[in-house]
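Just so it is clear, the structure is predicted and the values come from calculations on it, not from any experiment.
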Amino acid sequence: MVDVPELVAQAREGRPRAVARLISLVEGASPQLREVMAALAPLAGNAYVVGLTGSPGVGKSTSTSALVTAYRRAGKRVGVLAVDPSSPFSGGALLGDRVRMSDHASDPGVYIRSMATRGHLGGLAWAAPQAIRVLDAAGCEVILVETVGVGQSEVEIASQADTSVVLLAPGMGDGIQAAKAGILEIGDLYVVNKADRDGADATARELNHMLGLGESRGPGDWRPPIVKTVAARGEGVDEVLEALEKHHAWMTEHGVLTERRRARAAREVETIAVTALRERIGSLHGDQRLDALAQRIVDGELDPYAAADELVTSLTETA
């Protein structure tokens, strides 16, 4: 058994091994997970969570690394949660982004963790919300969450981040996709990376046109800016940082930041509750209640929906 209070205290001191152990407890759904979350609850809620998403090849890891450098120059402690595809053999993270961010490996003010999706759809790992809380409680002032990079369906980051950054690159078809639903509708900030390539201006124009065709905005509403960068050379990164700071200030002023975090907490509670119910229902095979309801369906006494309602009521009463 792990001494959770001691582990949390060490994480607060910035000890990377303690942070790693806490995230491992989260990923492994440890029996001590509830104790860990209870210990972290009063310590979290201060970090600014920025999600970075986009199709494979747009330079998400390079852009994340460049943002880490910029935030470190500003004196911020930074956590990075890089979600990667799962290895089909070990189930672990494949092509871990820590390899691509080796410049920050020796910086005690930066913590980088790769997480495997383990089959979870939407671009994030199932344990991402709890891992974010670990980094938050460990004193990271900014947490950068880089999604796996699976394309248009990768929209879950919008429900986990305070600010969602959508990256595109010229010549990769993203410009043509600009009018389509999905990933290009969730951005609070759009970044056209690799802007030294031909077509960068055209991609930016198409994005601007898409935003102009979007839902109407009133005075004072946030209009997502478009920033062109060459992240590999650090060009335009300061402009991205400035746009992020403006969005954070706007959200704080208009109460949007509090509302987003409340909605995020509600989704997390819902997910945990639904998972618990699913586990209980999954253990009902052979249960007399389920068998009896099934027989009543076969006999024509009940329809499946009414039977399901009775089962849920029975589970709730015995909870």
Check: L25 and V134 side chains under 4.5 Å, non-hydrogen atoms: no
Residue from V145, L189, L167, V80 passing side chain to side chain contact (heavy atoms under 4.5 Å, CB included) with L52: L167
Contact list for residues 14-36, test ring-ring contact (aromatic ring centres under 6.0 Å, His included), sequence neighbours left out: none
Residue pairs involving residues 29-70 (criterion ring-ring contact (aromatic ring centres under 6.0 Å, His included); sequence neighbours excluded): Y48-H248
Closest contact, heavy atoms only, G199 versus P170: C-CB, 3.5 Å
Set of residues satisfying side chain to side chain contact (heavy atoms under 4.5 Å, CB included) with respect to V256, sequence neighbours excluded: W250, M251, H254, R260
Derivation of the side-chain contact (heavy atoms from CB on, under 4.5 Å) call for V165 and L244: CA-CA 9 Å; V165 180; L244 289 172; 3.8 Å; yes
Contact check, side chains of E35 and P5, non-hydrogen atoms, under 4.5 Å: yes
Point-to-point distance, once rounded to the nearest 0.5 Å, from CG of L67 to NZ of K60: 13.5 Å
Within one Ile-Leu-Val-Met-Phe-Trp-Tyr cluster: W222 and L241, side-chain cutoff 4.5 Å: yes
Listed partners of A195 passing side chain to side chain contact (heavy atoms under 4.5 Å, CB included), at least two apart: A200, K228, V230
Side chain to side chain donor-acceptor pair (under 3.5 Å) involving R264 - partner list, sequence neighbours excluded: D162
Atom CG of D198: over 12 foreign heavy atoms under 6.0 Å: no
Min side-chain heavy-atom separation E310-L302 under 4.5 Å: yes
Test item: side-chain donor near acceptor, Q130 and E268, under 3.5 Å: yes
Set of residues satisfying side chain to side chain donor-acceptor pair (under 3.5 Å) with respect to R267, sequence neighbours excluded: none
Straight-line distance of T229 OG1 to D238 CG, nearest 0.5 Å: 11.5 Å
Matching residue for V166 among T53, V192, I226 - test: side chain to side chain contact (heavy atoms under 4.5 Å, CB included): T53
